[in-house]
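Encoded as structure tokens, the structure appears first; notes follow it.
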Amino acid sequence: MIDLKALRENPDRFIDGARKKGVAVDIARLLALDAERRELGARQEALRAEQNRLSKEIGPKLGQLTGKLKSASGDDKAAIEAEVAEIKAAPARLKEDIQALEQRIASLEPEFNEILLRVPLPPDADVPVGTSSDDNVEIRRWAPNGWDFGKSFEANRGFKPRTHIELCEMHGLVDFPRGVKIAGSRSYILTGDGMRLHQAVLRFALDFMTNENGFRPLSVPVLVREEAMTGTGFFPAGRDQAYQINEADRGGGYDMFLTGTGEVGLMGLHQDEILDEATLPLRYVTVSTCFRREAGAAGKDTAGLYRIHQFDKVEQVVIDVADESKSRAHHRDMIGFVETLLQRLELPYRLLQCCTGDLGVKNADMVDIECWMPGRGEPDANGVPSGAFGETHSASRLYDYQCRRLNMRYRPGGETGKGPTTFCYSLNNTVAASPRILIPILEMHQNADGSVTIPEPLRPYMNGQARIG
RNA sequence: GGAGAGGUGGCAGAGCGGUUGAAUGCGCCGGAUUCGAAAUCCGGUUGGGCCUCCGGGUCCACGGGGGUUCGAAUCCCCCCCUCUCCGCCA
């Protein structure tokens with residue numbers, strides 16, 4: 001959620017930001033509703049003040065009169081009753097007016113909130129303007145010794161690559177047909193070394209973040225309430241991407257949602273808290289199963305392990321004070337962790353600065369990391385794929401957009417600080433999402449005979465095994 | 001799944017229709033005392049919205065929402081959450 005005060009002071013910044021992101025949102029309407037809301041609110045508040053003042057006067061008077069009423073009779077009684085009625089009349093009128101205003105304000109609320117939640121965080125000034133992922137800008141790329149991006153896989157390695165699908169089939173790493181039988185399209189079952197490799201990557205990534213980078217490992221709920229989805233900024237915009245568990249209609253009270261990332265649980269952790277500044281920055285990592293409907297992606301990446309409804313992901317988040325330079329520094333760090341991890345796995349990758357059109361509502365800045373996947377891309381005349389980059393990581397900077405929604409604050413100046421409570425800044429980044437990352441691992445480390453060399457760092461997690469096949 | 005109890009400030013815990021945003025204790029902060037500290041004493045100590053001539057004004061919030069009432073932390077209804085016992089169970 002954006003800062004309403006900032007919007008009032010500088011609407012153009014948000015109008016411009018929404019335009020750059022390609023988000024259609026009627027900010028003029030929002031401002032009009034806001035003005036009306038405040039105007040009505042001010043009038044209501046004045047009436048309430050009057051009502052409160054009268055109540056304080058009336059109490060004792062009423063007490064006296066009801067006392068008299070007990071001993072009174074005849075004309076006296078009637079006179080007192082009339083006086084009581086008169087005293088009650090003024091506040092009663094106020095009450096009617098207040099309630100009328102209350103109703104008018106309430107009638108504005110749904111539209112107001114609907115628009116407010118959809119106003120995107122403006123992109124940072126240094127984010128390239130663009131309309132889609134085609135306009136993303138490459139920052140840099142890296143490849144291990146012996147790999148030249150300028151040459152084909154065959155030219156690099158001396159043999160034609162097999163796709164991960166072929167490799168999985170060859171070594172019995174995944175059972176796609178039975179996955180589909182059980183759970184429908186985009187489902188799979190990791191089998192044997194496939195499952196072992198999957199677990200090895202996840203555990204390696206978690207240990208790397210925990211042991212080497214000082215992140216605190218946490219488990220998170222993946223089945224959450226709607227508030228957690230809205231608070232973390234995934235709703236309402238991404239509502240159609242989340243699986244909804246229908247509990248309300250079967251007497252469960254309320255519906256639940258399956259999370260598409262561990263970010264929801266990690267960020268929801270400190271919802272509604274005022275954090276001690278001394279504890280910041282918070283660095284959390286989790287591994288969780290992620291669920292995505294992939295609505296709107298019908299027919300896209302239907303084969304293999306690339307685009308699937310359920311996967312596991314090691315996710316990192318950082319929560320810190322409201323400071324842009326720190327936010328940028330954390331971003332660099334978090335990207336650096338991933339680069340180190342990919343380099344240890346000897347996977348070629350590139351960093352992409354996402355353009356404004358590719359940021360989504362909640363990010364001010366986002367860098368995607370794509371690994372080289374030899375099995376992707378258009379096949380040539382001989383049916384050998386060209387290879388292509390495929391997104392494996394996404395590092396976001398959100399400023400206070402998310403923490404504002406989550407109501408996560410700190411008080412500058414520490415425990416004894418007198419500063420105003422301030423919304424924290426948050427960031428998140430993938431560490432490793434599997435099985436998608438198995439694609440470059442299998443395809444890049446395949447040998448001429450189809451066997452796959454297991455990258456060194458994963459071997460301890462596979463009982464020392466050095467190759468598959 | 002059945003039966004019951006309860007949700008009040010950082011914590012503990014009063015209040016159960018009328019200046020109660022809330023007693024009291026603990027904690028915390030400031031000050032006094034002290035060579036210093038402990039103890040003691042004094043004072044302070046929730047969050048948010050709106051308006052502001054920046055002095056301040058005003059409203060909201062006692063799990064959440066609605067209702068009754070001139071007036072609700074206190075009464076009523078719905079929801080959420082926690083705890084205890086029984087049943088079931090990884």
Side-chain angles (χ1 to χ4, degrees), chain A residues 1-9 30-67 69 80-110 112-113 116 219 221 223-231 245 247-257 268-279 400 403-424:
Chain A
M1 183 161 61
I2 53 115
D3 181 0
L4 196 52
K5 276 185 194 162
L7 177 72
R8 282 182 204 133
E9 281 163 18
L30 180 64
L31 286 167
L33 287 169
D34 174 51
E36 191 178 353
R37 235 167 122 253
R38 280 194 292 164
E39 208 275 316
L40 295 173
R43 276 160 60 190
Q44 189 193 34
E45 197 181 293
L47 293 178
R48 280 229 170 93
E50 176 67 8
Q51 186 186 41
N52 287 343
R53 199 183 57 74
L54 281 176
S55 285
K56 280 174 191 168
E57 279 180 18
I58 284 173
K61 262 195 220 169
L62 235 40
Q64 268 183 348
L65 289 173
T66 38
L69 206 53
I80 293 168
E81 278 171 349
E83 200 178 341
V84 168
E86 194 191 337
I87 288 172
K88 286 185 178 179
R93 264 198 307 278
L94 279 174
K95 191 186 170 188
E96 275 176 33
D97 293 345
I98 290 168
Q99 282 179 337
L101 285 168
E102 182 76 51
Q103 276 186 9
R104 286 180 62 187
I105 293 169
S107 73
L108 302 176
E109 262 344 84
F112 177 80
N113 286 324
L116 179 61
S219 80
L223 184 60
V224 304
R225 317 169 62 118
E226 181 162 4
E227 288 79 358
M229 298 300 277
T230 305
I245 309 295
E247 280 294 302
D249 286 352
R250 56 190 298 207
Y254 51 90
D255 284 358
M256 303 285 284
F257 296 84
L269 193 71
H270 295 294
Q271 181 165 9
D272 293 320
E273 290 183 26
I274 297 177
L275 299 167
D276 180 352
E277 190 183 14
T279 66
D400 63 359
C403 293
R404 185 179 295 278
R405 286 194 181 204
L406 288 166
N407 193 26
M408 190 191 303
R409 296 167 289 167
Y410 70 101
R411 196 184 291 282
E415 191 84 324
T416 63
K418 291 284 186 279
T421 57
T422 305
F423 292 107
C424 300

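Each chain gets a letter, A, B and so on, in the order its sequence line appears, and its residues count up from 1.
- On the P atoms, B/rC59 is 34 Å away from B/rG6, given to the nearest whole Å.
- OP1 and OP2 of B/rC78 both lie 4.0 Å or more from every side-chain N or O belonging to A/Tyr254.
- In this entry the distance linking CZ of A/Arg37 with P of B/rC59 reads 19 Å, nearest Å.
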Using Watson-Crick and G-U wobble pairs whose two distances are both under 3.5 Å, how do you write the pairing of RNA chain B as dot-bracket, with | for links to another strand?
((((((((.[[[..)..(.....]]]((((((.......))))))((((((....)))))).[[[[[..)....]]]]])))))))....
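- Comparing B/rU52 with B/rG57, their C1' atoms are spaced 8 Å from each other, to the whole Å.
- With B/rC50, B/rC70, B/rU58 as the choices, the nucleotide that has an atom nearest any side-chain atom of A/Lys95 turns out to be B/rC70.
- When the P atom of B/rG49 is taken as reference, atom CZ of A/Arg43 falls 23 Å away, rounded to whole Å.
- Contact annotation: A/Arg48 reaches the phosphate of B/rC60 (side-chain N/O to OP1 or OP2, under 4.0 Å).
- When the C1' atom is used for both B/rG15 and B/rG2, the distance is 34 Å, rounded to whole Å.
- For the pair A/Thr230 (side chain) and A/Glu227 (backbone), a donor-acceptor distance under 3.5 Å is absent.
- To the nearest angstrom, C1' of B/rG57 lies 15 Å from CD of A/Glu50.
- For the pair A/Asn52 and A/Arg8, both in contact range of RNA chain B, the more 5′-proximal nearest nucleotide belongs to A/Arg8.
- In terms of position along RNA chain B, the nucleotide closest to A/Arg409 lies nearer the 5' end than the nucleotide closest to the other residue of the pair A/Arg409 and A/Leu4.
- With rounding to whole Å, A/Glu102 atom CD is found 15 Å from B/rC59 atom P.
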Would you check, one step at a time, whether the test side chain to side chain contact (heavy atoms under 4.5 Å, CB included) holds for A/Leu406 with A/His270?
CA-CA 8 Å; A/Leu406 288 166; A/His270 295 294; over 6 Å; no
Any chance you could lay out the side chain to side chain contact (heavy atoms under 4.5 Å, CB included) test for A/Arg409 and A/Thr422, step after step, and finish with the verdict?
CA-CA 5 Å; A/Arg409 296 167 289 167; A/Thr422 305; 5.9 Å; no
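- Residues A/Asp400 and A/Phe423 come closest through the heavy atom pair CB-CB, 3.8 Å.
- Here, B/rC80 and B/rA72 have their P atoms 26 Å apart, quoted to the whole Å.
- For B/rG56, the base adopts the anti conformation, since its glycosidic angle falls more than 90 degrees from zero.
- Using atom C1' as the reference point in both B/rA22 and B/rU74, the two lie 12 Å apart (nearest Å).
- Taking atom P on both B/rC60 and B/rG66, the two are 14 Å apart, rounded to the nearest angstrom.
- Across every non-hydrogen atom of A/Gln271 and A/Met408, the tightest pair is N-CE, 4.4 Å.
- For B/rG49, neither phosphate oxygen OP1 nor OP2 lies less than 4.0 angstrom from any side-chain nitrogen or oxygen of A/Arg38.
- In this structure, the CG atom of A/Leu7 is 15 Å from the P atom of B/rG49, given to the nearest Å.
- For the P atoms, the distance from B/rU19 to B/rA12 is 26 Å, rounded to whole Å.
- In terms of phosphate contacts, A/Arg225 brings a side-chain nitrogen or oxygen within less than 4.0 Å of OP1 or OP2 of B/rC81.
- Rounded to whole Å, the distance from CD on A/Glu247 to P on B/rC81 is 11 Å.
- The heavy-atom pair separating A/Glu102 from A/Arg48 by the smallest distance is OE1-NH2, 3.2 Å.
- When all heavy atoms are compared, the tightest approach of A/Leu4 to A/Phe112 is CD2-CZ, 3.7 Å.
- Annotation for A/Asp276 and A/Thr279: closest pair O-OG1, 2.6 Å, computed over non-hydrogen atoms.
- For the C1' atom pair drawn from B/rU69 and B/rG18, the interatomic distance equals 12 Å after rounding to whole Å.
- Distance CD (A/Glu226) to P (B/rC80): 14 Å, rounded to an integer number of Å.
- A/Tyr410 has its OH atom 20 Å from the C1' atom of B/rU46, to the nearest Å.
- Residue A/Ile105 comes nearest to A/Arg37 through the heavy atom pair CG2-CG, 4.4 Å, listed as atom of the first residue, atom of the second, then distance.
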